[in-house]
There are 2 protein chains.
Amino acid sequence: MGGLSIGQVAERTGLSVHALRFYEREGLLADAVRRESNGRRVYTEDDVDWLNMCIKFRSSGMPLDTIRKYTELVRQGAGNEADRLALLKSHQDYVRAQIEELNECLNVITWKVDFYQEHVDAGTADCLWATPSTQTASEAS
Amino acid sequence: MGGLSIGQVAERTGLSVHALRFYEREGLLADAVRRESNGRRVYTEDDVDWLNMCIKFRSSGMPLDTIRKYTELVRQGAGNEADRLALLKSHQDYVRAQIEELNECLNVITWKVDFYQEHVDAGTADCLWATPSTQTASEAS
DNA sequence: CTAGGTCCTAGAGCGCTCTCTAGGTCAACT
DNA sequence: AGTTGACCTAGAGAGCGCTCTAGGACCTAG
């Protein structure tokens, strides 16, 4: 393993090469990416690991800004572990809240799905309700 | 209960008056909002219920476009229940997938939180690791 | 009569996260 | 020599979901 090209990293992480360059510009990479003599980026496996963590952060709704802050803390080196912990904990809370909220939404949606499922199963699939007003009333509830 | 003003609806739903007008323009309301003689909107409790559902849809990641499609189906009246069901089911799947993804993220984050917690608890909070390289290695994993 | 508050429309602007373009370098194949 | 394909930079553009502004109407209390 003698370093990866941007294309290879894109393939492994699922990020586009554009996104990889963008993330770098935005300061989301813990280590400066090395370059070949011709200016091309050379990534290490550590870079890929770091990116995969960024992806987890992102897909759990952490803004790039916060990822950047975390990255800066790590770049500063030892001594700020409490700060990193605080940042991570706060995000942990946020993710938990998101999950809770999604579960509530899921309940509502499931209730509606079941409602429609029953009626679609029962009838032969159309004209189940007589009047538009009945319709709206059951919809809105 | 003789109808609600946009301000009252904003208060109850948590949406801004701007957002309420925006949603209406975007065709997210099942019934056309009535107007007073002077042109001001008059909402019913049903409108509020509908909006609350839209909010559930939105906060579980349904795009406005899809909410609009659903709204159109409901506006068309009885006969397309299977379509509505399909739309709702597909969103249900999406929400479940989101929850699953968030749980995965939460695991990773919790792992990191625990890692830092231990070390912050153990040391007196700084200089826990000797070298920046050790640092980065444990970070990247 | 005036000031304050709520409402109206139409449309511009914003924050975020990419995504894509233009214009170019470089190395390898045919 | 020419073509292909991966890469480079800087910066414009796009999609989404609001949010806000401008300019104005109307109502009520002081």
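Worth saying up front: this structure is predicted, and the values here are computed from it rather than measured. Every chain is numbered from 1, with letters handed out A, B, ... down the list of sequences.
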Please find out if less than 6.0 Å separates the ring center of A:His18 from that of A:Phe22.
no

Begin from the C-alpha positions of B:Arg34 and B:Glu24 and carry the test salt bridge (charged side-chain N to carboxylate O under 4.0 Å, His left out) through to its verdict.
CA-CA 12 Å; B:Arg34 267 138 298 217; B:Glu24 185 178 338; over 6 Å; no

Who pairs with D:dG30 - Watson-Crick or G-U, where each distance is under 3.5 Å:
C:dC1

Distance in angstrom units between [X] [atom1] and [N] [atom2], rounded:
X	N	atom1	atom2	value
A:Glu24	C:dC18	CD	P	15 Å
B:Leu15	D:dC18	CG	P	8 Å
A:Asn38	C:dA27	CG	P	6 Å
A:Ile6	C:dT25	CD1	C1'	15 Å
A:Phe22	D:dA12	CZ	C1'	14 Å

Please work out if A:Arg25 contacts a base, only the sugar-phosphate, or nothing of the nucleic acid, heavy-atom cut-off 4.0 Å.
base

Is A:Arg41 touching bases, backbone alone, or none of the nucleic acid, heavy atoms closer than 4.0 Å?
sugar-phosphate

Indicate whether any N or O donor in one side chain lies under 3.5 Å from an N or O acceptor in the other, for A:Gln117 and B:Lys89.
yes

For the residue pair A:Asp93 and A:Ser90, confirm or rule out a side-chain donor-acceptor distance under 3.5 Å.
no

Out of [options], which nucleotide sits closest to the side chain of [X]?
X	options	result
B:Ser16	C:dT19, C:dC8, D:dT19	D:dT19
B:His18	D:dT19, C:dT17, D:dG17	D:dT19
B:Arg58	C:dT19, D:dC7, D:dG17	D:dG17
A:Arg21	C:dC8, D:dC7, C:dC18	D:dC7
B:Leu64	D:dG17, D:dT9, D:dC20	D:dG17
B:Ala19	C:dT9, D:dC18, C:dC7	D:dC18

Map A:Gly7 and B:Met62 onto DNA chain D by nearest heavy atom, then report which one ends up closer to the 5' terminus.
A:Gly7

Any N/O donor-acceptor pair, B:Arg40 side-chain to C:dT6 base, under 3.5 Å:
yes

Check this for me: does any side-chain nitrogen of one of A:Glu104 and B:Lys56 sit under 4.0 Å from a carboxylate oxygen of the other?
yes

